[in-house]
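Count residues from 1 along the sequence.
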Amino acid sequence: MECFEVDTKIISYLEHSLCDQELEEFLEHLHGCEECRQEVEMYFTLIEGLNQMDEEEIQFFNFPAEFQKQNEEQYQDVVTRKKYRKWTDISVLLFVILMVLLGLFYGIIHRYDYYTHYVAQEDCDYERQISID
């Protein structure tokens, strides 16, 4: 992700409305770009400070540390969801393969059953009819 893209996604990031892929790219860019990290941290501090002013009770806390903590939590959440999605995709794929194999097995069994009951029966009836004639 480029710096100009980060600028367009700062508010979405702070509102927690980025999709997982965008969030991962955003956080990776912040990890490597000090300038963008400082800009996002400034927005974070400004918005958190304004939110505190709206409340009756003003809390004092370390905005940069809180910003870093939020970044780490969001990154861990993205990584966890990515792993979960990977295992979910694998599980669905295995389930589909299992259903196809069961369908094939079911088809083979029924084809064999059809052959042994109906086709063999018709051959036997045909042979009986020839021997009677």
Any chance you could measure [X], atom [atom1], to [Y], atom [atom2], to the nearest 0.5 Å?
X	Y	atom1	atom2	value
C36	F4	SG	CZ	11.0 Å
E48	L46	CD	CG	10.0 Å
C33	E28	SG	CD	13.5 Å
S91	L98	OG	CG	12.0 Å
D77	H16	CG	NE2	10.0 Å

Discussion item. Which residues pass the salt bridge (Lys or Arg N to Asp or Glu O under 4.0 Å) test with E24, not counting sequence neighbours?
Written reply: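 Partners of E24 by the salt bridge (Lys or Arg N to Asp or Glu O under 4.0 Å) criterion, ordered by chain and then number, come out as K82.
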Item to complete: State whether the side chain of R37 and the backbone N or O of H31 hold a donor-acceptor pair below 3.5 Å, judged by distance alone.
Response: yes
Discussion item. Checking Q38 against E34: is there a side-chain donor and acceptor pair closer than 3.5 Å?
Written reply: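 Looking only at side-chain atoms, Q38 and E34 do form a donor-acceptor pair, the distance falling under 3.5 Å.
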Discussion item. Under 3.5 Å, is there a donor on one side chain and an acceptor on the other for E72 and Q68?
Written reply: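 Side-chain D/A pair, E72 to Q68: present.
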Worksheet item: Hey, what else clusters with I109 if you join Ile, Leu, Val, Met, Phe, Trp, Tyr whenever side-chain heavy atoms sit under 4.5 Å?
Response: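 Same cluster as I109: F105.
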Fill in: Side-chain cluster (under 4.5 Å, hydrophobic types only) that I90 belongs to, other residues
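Its cluster partners, ordered by chain and number, are W87, L94.
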Given side chains that start at C-beta, do those of [X] and [Y] come closer than 4.5 Å, heavy atoms only?
X	Y	answer
C3	E35	no
F67	V40	yes
T45	E66	no

Item to complete: Not counting sequence neighbours, which residues clear side-chain hydrogen bond (donor to acceptor under 3.5 Å, both in side chains) with Y84? List them please.
Response: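 None.
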Worksheet item: Can you name the residues that form a ring pair (Phe, Tyr, Trp, His ring centres under 6.0 Å) with Y106, not counting sequence neighbours?
Response: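 By the ring pair (Phe, Tyr, Trp, His ring centres under 6.0 Å) rule, Y106 matches H110.
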Worksheet entry | Verify same cluster id: V92, M99 (apolar side-chain graph, 4.5 Å) | no
Item to complete: Verify side chain to side chain contact (heavy atoms under 4.5 Å, CB included) between R85 and D20, making sure each step is shown before the conclusion.
Response: CA-CA 11 Å; R85 192 171 32 256; D20 286 347; 3.4 Å; yes
Enumerate donor-acceptor pairs with a distance under 3.5 Å from any side-chain N or O in residues 8-15 to protein atoms, sequence neighbours excluded.
| unit_1 | atom_1 | unit_2 | atom_2 | d |
| --- | --- | --- | --- | --- |
| T8 | OG1 | E5 | O | 2.7 |
| K9 | NZ | E22 | OE2 | 3.0 |
| Y13 | OH | N71 | OD1 | 2.0 |
| Y13 | OH | Q74 | OE1 | 3.2 |

